**Student:** 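A single structure is presented below for examination.
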Amino acid sequence: MSRMNVGPVRAFNMMREIYGGFEEVGASREDFKNYRKKYNTVIGEYDAEMAVNHLMRKKEYLPNFSCEYTTDDQNCLRGLFWADELGKKNYHIFGDVMSFDATYRSNKYSMVFVPFTGIDNHCCNVTFCGALLASETTESYVWLLRCFLKAFFKQPQVVVTDQDPAMTKAIDLVLKKSRHRFCMWHIMNKLSIKVGVRLCNSTDFKKDICNIVWTDAISSEEFDKKWQAIIDQYNLKDNKWLHDMFGIRKSWIPAHNKDELFSGLMRTTSRSESENHFFGQLCNSRSTLVEFLSHYESALESQRHTHRKNDHDSRFTNPELKTIWWLEAEAAKIYTRTTFLDAQHEIDYMRKLMCQTYHPEGDFVKYYIKDWTQMTTKPFEVMYRESDMTIYCECQRFESFGLLCRHIFYVLRQMDIREFPKKYVLRRWRRDVVPNGSNRNDDSSVVPVFDDGGRALMRDIMYANEYILNKLSVNMQELSLYKEHVESYMQKADNIEFVPPPPGKRDRFGELTGTSQNDRLPVRVPLGYKTKGSGSHKRIKSKIEEAIVKAGRKQKQCQNCFEYGHYATTCPEPQQNINGAESVNVANVVDKSQKGKGVESTPQSSVIGPSKQKQCQNCFRYGHYATTCPQRKQNDDDDYGNVANVMDKSKKGKGVDCTQQSSVVGSSTRQLRSRNNKQ
């Protein structure tokens, strides 16, 4: 179950349901967890060595399997590339258009996973090969593309990537014959940032620019004129980003590359994004390299099973026809189900077309077809030559997608053509382009190594077997005889014993980790590399989160100017007392007090600084305390004098002790002070 990215707890619960209870499983949940922990412990630092050995053994025993890897000075894994025979076969059929993009969080070492993705005859994703890179530098991508060429021998016609500078430079150095195209979605996604959100939301600028960017119904000259008109209308002549994007318009605008073959099949890297999501369902950021390869093989087998199912549906089921035209029934027998539905859509839209006029032009006849479904008001020109069934449309849909357009179907119907023109049926869209059962890759058994002649012989036998099955599928009697003939040879093959190469002497640890005692220095796991998508350990907070945190936090307030955001010690305004007057310059007081004492005077900020002003609790004024309040001293003197006179008169001649008198006076003085404080 680990091949399907199922954890130990979930695997235990699934086995409990399968066997009918906890007691029937034979182990506890903790046993499952401990086994997983011991398994990862055994792998340990030999993870990269085990992954490399696993692929190298496939290269040794499986025919036409390719594997390459590279390490750094410390023998740490920097790159790993692999491709099987079925992926190479799919590339030679569907490798005219290819996309590759790096995805992150596929393993615990932050190595980026780079799948090479194409489009099969069912318009579904097909994976040609895969790679793991420790860093996203130009050198890493150059090494990867050279390994790709070494394995596949042929460059793709179109390569679609994002605007990564390392990828761009590597493609220019290695894939020199391929046409490099940038992802339209990544470019248009930056429009609001580069131009301005207010301009895109409050005006029709974004709508106008999208109308000419995403369509291929206009010519390159019309696109250039409309682009300049939009730039002038919204006063964007000084925008450098728009100027740069217009300079590379041939690398991403459909109107400028629609005449190139298969340029319309893939305009964005959405295929790669979908492929990354597909593999991401079976991978996680905690997987080891051994687990990742196991998950990759499971996902790839699921993808190829879907392709076999689509092939079966296209070959043994009949679609529903919408018209009685001969070419529609002919297309149903040639194309796959998905491709036929596209052709049927174009045939059905012929009723919205009208031929305005036609006239001969040399060996051709030029038709002017008015299309009421297109945004252009100009009729489409269709050139037709009856002698060799050559036909060409101005919309160039066949050049972009490899499929005929509605304008060509309209002319063929007008000419009463009852046989589909074979020269316009591309092999990549046929339903029999992949033989029955050949999209199955069973590498569980050991296959001996063959030379080039042996591989060619096996391939011829496989194709001949597929050809016979397709021809005899309608004749059950002949098919039964062929089955008996094959079964007789199967019995002969069973009697032949194949002795695999003897395994090497390995101890238990070497058997689990895939390494031997006398091996070379084992390949170590990559450490210290940081990819572009790895990010930081701290999560980046959005502006909304920062605003919420700031609103809930108690803000500091200045006690001098009563503004928020700073303290009185850092207040730019001069220190104020409670009545609004400026505070006394403490530095001057210090200078006067230290005058003549040999003390060097310093500025106010360095001696005392703009500290909080002292406040009297008697008169509530700033600049002194209650003990030095002049008003309180005067009141105390007056009260003390009155109390002393009273005491002298009352105690005169009675021989009262002076100590007792002073205590009485003191208590009276404290009562007066308490009364003044209350006032």
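Bear in mind that the values here come from a model prediction, so they are computed numbers and not experimental data.
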**Student:** When the ring planes of His407 and Phe380 are compared, do they come out parallel, tilted or perpendicular, using 30° and 60° as the limits?
**Tutor:**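 Geometry flag for Phe380 against His407: parallel rings.
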
**Student:** Does Phe340 have Arg337 sitting over its ring (NZ/CZ under 6.0 Å from centre, angle to axis within 45°)?
**Tutor:**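 No; the conditions do not both hold, so Arg337 does not lie above the ring face of Phe340.
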
**Student:** Does the separation of the ring centres of Phe116 and Phe152 fall below 6.0 angstrom?
**Tutor:**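 No: the rings miss the under 6.0 Å criterion.
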
**Student:** With sequence neighbours left out, what residues match Asp162 under salt bridge (charged side-chain N to carboxylate O under 4.0 Å, His left out)?
**Tutor:**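 Residues passing salt bridge (charged side-chain N to carboxylate O under 4.0 Å, His left out) with Asp162: none at all.
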
**Student:** With the side chain counted from C-beta on, respond yes when Asp204 and Tyr234 share a heavy-atom pair under 4.5 Å apart, and no when they do not.
**Tutor:**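 Of all side-chain heavy-atom pairs linking Tyr234 with Asp204, at least one is under 4.5 Å.
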
**Student:** Using 4.0 Å as the upper bound for N to carboxylate O, is an ion pair formed by Glu394 and Lys258?
**Tutor:**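 Looking at Glu394 together with Lys258, the answer is no, because their closest N to O distance does not fall below 4.0 Å.
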
**Student:** Less than 3.5 Å apart, which donor and acceptor atoms pair up between the side chains of residues 181-197 and the rest of the protein, not counting sequence neighbours?
**Tutor:**
unit_1, atom_1, unit_2, atom_2, d
Arg181, NH2, Glu260, OE1, 2.4
Arg181, NH2, Glu260, OE2, 3.0
Lys190, NZ, Gln163, OE1, 3.3

**Student:** Could you label the plane-to-plane angle of the Tyr296 and Trp82 rings as parallel, tilted or perpendicular, counting under 30° as parallel and over 60° as perpendicular?
**Tutor:**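 Tyr296 and Trp82: perpendicular rings.
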
**Student:** Under 3.5 Å, sequence neighbours excluded: what are the donor-acceptor pairs made by side chains of residues 413-426?
**Tutor:**
unit_1, atom_1, unit_2, atom_2, d
Lys423, NZ, Thr390, OG1, 3.3
Tyr424, OH, Ile391, N, 2.8
Tyr424, OH, Ile391, O, 2.9

**Student:** Using the ring pair (Phe, Tyr, Trp, His ring centres under 6.0 Å) definition, which of the options Tyr91, Phe94, Phe148, Phe100 pairs with Phe128?
**Tutor:**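 The residue from Tyr91, Phe94, Phe148, Phe100 that satisfies ring pair (Phe, Tyr, Trp, His ring centres under 6.0 Å) with Phe128 turns out to be Tyr91.
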
**Student:** Look up atom OG in Ser302 and atom NE2 in His307, then write down how far apart they are to the nearest 0.5 Å.
**Tutor:**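 Interatomic distance, Ser302 OG to His307 NE2, rounded to 0.5 Å: 13.5 Å.
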
**Student:** Going by side chain to side chain donor-acceptor pair (under 3.5 Å), His122 matches just one of Thr306, Asp313, Asp311, Asn310. Which one?
**Tutor:**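 Testing His122 for a side chain to side chain donor-acceptor pair (under 3.5 Å) against Thr306, Asp313, Asp311, Asn310 leaves exactly one candidate, Asp311.
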
**Student:** Are Phe292 and Phe113, when compared by the centres of their aromatic rings, separated by less than 6.0 Å?
**Tutor:**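 Distance test on ring centres: under 6.0 Å, yes.
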
**Student:** Can you tell whether the side chains of Lys237 and Asp232 come within less than 4.0 Å, N to carboxylate O?
**Tutor:**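 Yes, this pair counts.
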
**Student:** May I ask you to decide if the ring planes of Trp227 and Trp252 are parallel, tilted or perpendicular, using 30° and 60° as cut-offs?
**Tutor:**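 Taking Trp252 first and then Trp227, their aromatic rings stand perpendicular (interplane angle over 60°).
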
**Student:** Could you check if a side-chain atom of Trp429 sits within less than 4.5 angstrom of a side-chain atom of Cys123, using non-hydrogen atoms only?
**Tutor:**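 A side-chain contact exists here, since the closest heavy-atom pair is under 4.5 Å.
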
**Student:** Within a strict 4.5 Å, meaning less than it, do heavy atoms of the Asp216 and Arg397 side chains meet?
**Tutor:**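 Asp216 does not reach Arg397 side chain to side chain.
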
**Student:** Begin with the C-alpha distance, continue with both residues' side-chain angles, and end with the deciding distance and a verdict on side chain to side chain donor-acceptor pair (under 3.5 Å) for His180 and Ser251.
**Tutor:** CA-CA 7 Å; His180 186 201; Ser251 298; over 6 Å; no

**Student:** Within the structure provided, determine whether Leu133 and Trp143 are in side-chain contact (heavy-atom separation under 4.5 Å).
**Tutor:**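 Leu133 reaches Trp143 side chain to side chain.
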
